[in-house]
Q: 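Below: one structure in structure tokens.
Since we're looking at a predicted model, the values are computed, not measured. Side chains are part of it too, since the values below use all heavy atoms of this structure and drop only hydrogens, waters and symmetry mates.
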Amino acid sequence: MRRVLLAMAAVVLAATPLPAAAADCAKTTTALVPLTDLGTGTYKGAQGGLYPGGTNAPPQAYAAAGRRVAAEMVPRAASGQPDPGGAIVLLSIGMSNTTQEFSRFVTLAKTDTLRDPQVIVVDGAQGGQDARVWSDPKAAAWGVADQRLRAAGATAAQVQAIWLKQAMAGPRGDFASSGAELERALDAIVLNAVARYPNLAQIFLSPRTYAGYAITTLNPEPYAYETAFVVKRLVERSVREPSARPWIGWGPYLWTDGTKGRSDGFTWTCADVAADGVHPSPAGQAKVAQLLQAFFDGSEFTSWYRDAPATVQTAAPAATQAAAPVSPGPGAVVAPGAAAEIPPWAYAAAALTILGAAALTLRRTRRPS
């Protein structure tokens, strides 16, 4: 019995993950200037600001085009035909950070009284699926996004707006070469989305969050900072061709210089990241989700999102969607289902419990009868 208990304890201890390496919390600033604060200044030859000329305000013609596209968006039936009883789908596309942040936004959207009940919010972003993956029109990630649309009772023909946040896993090279690689991938993603979603009217892009705390090569600084310049180039193309569809514009600008922050007071602390310093912690997810909510609730380009008071009708839990005979319909807000993770402390606690049981058994077997 003693050997059995000790063997069980050894197995549990062997399976117990070692404490994860901690993010580098000493790197609270990079001295890089947020794009929104850089203005007419430059970074490696690239001008700051969200729009041409180093400004953060959209050009008049660009803004008018964005408002016009937003005003033309109407609920659509599953076939894609305009239908007063149909839906407008807002879909996210991106990697692990994107799905973590957008899923948190989904929870806010559920109770957002400004959200039109005919707006269906679906998280199509997926962990491990970087820009290279999504640039392939045959990538499985697109199929997974389709599955999530179906789970929400929606179709590809009802997707009219996308939040796109992407980066390269393990970027290489200098500012010019790595930026060009990401730009090619984003261009391909946009083309794939246009081909897949025939009524796509708007794409909102956001860059990476601060990665100064990163301890891996997944997407450290300055690559995270530099993604905003790639986004800006895509937006500038839309500025030059304001009648083009889909209309491409800025979503929330997410990067800030760590605890130094930016002029609007937004900061990114070590508490906002997971142990790798790259992915957002629950606190970081909440920060980005709040920026997303503020954007869709208040942007002049998202009038379709808040046209009427919301009567939220959520989708069935992921575990029951397959058997549900009735789809959630308009007003559903869907995040991907996730398997429950067993925290490291649970393994340790189990090991201690087994070891304690072993010790108790040994004491009992040694007592005089």
Q: So do the side chains of V230 and L186 get within less than 4.5 Å of each other, counting heavy atoms only?
A: yes
Q: So do the side chains of S206 and V231 get within less than 4.5 Å of each other, counting heavy atoms only?
A: no
Q: Can you find a heavy atom in the side chain of V235 that is under 4.5 Å from one in the side chain of L50?
A: no
Q: I'd like to check the side chain to side chain contact (heavy atoms under 4.5 Å, CB included) partners of D276; sequence neighbours left out, ordered by chain and number.
A: T216, A274, V278, H279
Q: Report the residues that fulfil side-chain hydrogen bond (donor to acceptor under 3.5 Å, both in side chains) with R208, sequence neighbours left out, ordered by chain and then residue number.
A: N219
Q: Excluding sequence neighbours, so at least two apart, what forms side chain to side chain contact (heavy atoms under 4.5 Å, CB included) with S92?
A: F102, D123, A125, W163
Q: List the steps and the verdict of side-chain contact (heavy atoms from CB on, under 4.5 Å) for L91 and Y197.
A: CA-CA 11 Å; L91 177 71; Y197 309 119; 3.5 Å; yes
Q: I need the R76 CZ to I88 CD1 distance, nearest 0.5 Å.
A: 8.5 Å
Q: Examine F295 and L254 and state if one hydrophobic cluster contains both, with Ile, Leu, Val, Met, Phe, Trp and Tyr joined whenever side-chain heavy atoms are less than 4.5 Å apart.
A: yes
Q: Verify the neighbour count for atom NZ of K27: are there more than 12 heavy atoms of other residues, nucleotides or ligands below 6.0 Å?
A: no
Q: Would M95 end up clustered with V273 when hydrophobic side chains under 4.5 Å apart are linked, directly or stepwise?
A: no
Q: Can you pull out every salt bridge (Lys or Arg N to Asp or Glu O under 4.0 Å) where at least one residue sits in residues 135-147? Sequence neighbours excluded, please.
A: D146-R196
Q: Hey, does I93 have a side-chain heavy atom less than 4.5 Å from the side chain of T98?
A: no
Q: Without hydrogens or angle criteria, can the side chains of Q160 and W304 be said to hold a donor-acceptor pair below 3.5 Å?
A: no
Q: What pairs meet the salt bridge (Lys or Arg N to Asp or Glu O under 4.0 Å) rule with one or both residues in residues 239-248, with sequence neighbours excluded?
A: E72-R245
Q: I need the single residue from Y223, Y210, W268, F229 that forms a ring-ring contact (aromatic ring centres under 6.0 Å, His included) with W255. Which is it?
A: Y210
Q: Where does the angle between the aromatic ring planes of W247 and F301 fall among parallel (under 30°), tilted (30 to 60°) and perpendicular (over 60°)?
A: tilted
Q: With a 4.5 Å heavy-atom cut-off, do P280 and R104 have their side chains touching?
A: no
Q: Taking side chain as C-beta onward, heavy atoms only, is L35 less than 4.5 Å from W250?
A: yes
Q: Quick check against the 3.5 Å criterion: does S103 have a side-chain atom that pairs as donor or acceptor with the backbone of Q100?
A: no
Q: Test side-chain contact (heavy atoms from CB on, under 4.5 Å) on L234 and D187 and set out the steps.
A: CA-CA 8 Å; L234 267 65; D187 283 341; 4.0 Å; yes
Q: Verify the distance criterion only: is there a donor paired with an acceptor across the side chains of D257 and T30 at less than 3.5 Å?
A: yes
Q: I want to check something: taking the side chain as every heavy atom from C-beta on, are Y43 and V33 in contact at a cut-off of under 4.5 Å?
A: no
Q: Could you give me the CA-CA distance, side-chain angles and deciding distance for K232 and Y253, then say whether side-chain contact (heavy atoms from CB on, under 4.5 Å) is met?
A: CA-CA 11 Å; K232 181 180 178 180; Y253 176 69; over 6 Å; no
Q: D297: what forms a side chain to side chain contact (heavy atoms under 4.5 Å, CB included) with it, not counting sequence neighbours?
A: D112, L114, Q293, Y305
Q: Shared ILVMFWY cluster between L218 and V133, side chains joined below 4.5 angstrom?
A: no
Q: State, yes or no, whether a side-chain contact exists between V121 and R115 at a heavy-atom distance under 4.5 Å.
A: yes
Q: Apply side-chain contact (heavy atoms from CB on, under 4.5 Å) to the pair L90 and F296, showing each step before the final yes or no.
A: CA-CA 10 Å; L90 167 61; F296 286 106; 3.8 Å; yes
Q: Would you mind checking if K165 and E101 are paired as a salt bridge, meaning a charged N to carboxylate O distance below 4.0 Å?
A: yes
Q: Would you say L191 ends up clustered with V159 if hydrophobic residues are merged whenever their side chains have heavy atoms under 4.5 Å apart, either directly or through other cluster members?
A: no
Q: With side chain to side chain donor-acceptor pair (under 3.5 Å) as the test, would you mind laying out the steps for T36 and N56 before giving the verdict?
A: CA-CA 6 Å; T36 49; N56 295 324; 5.2 Å; no
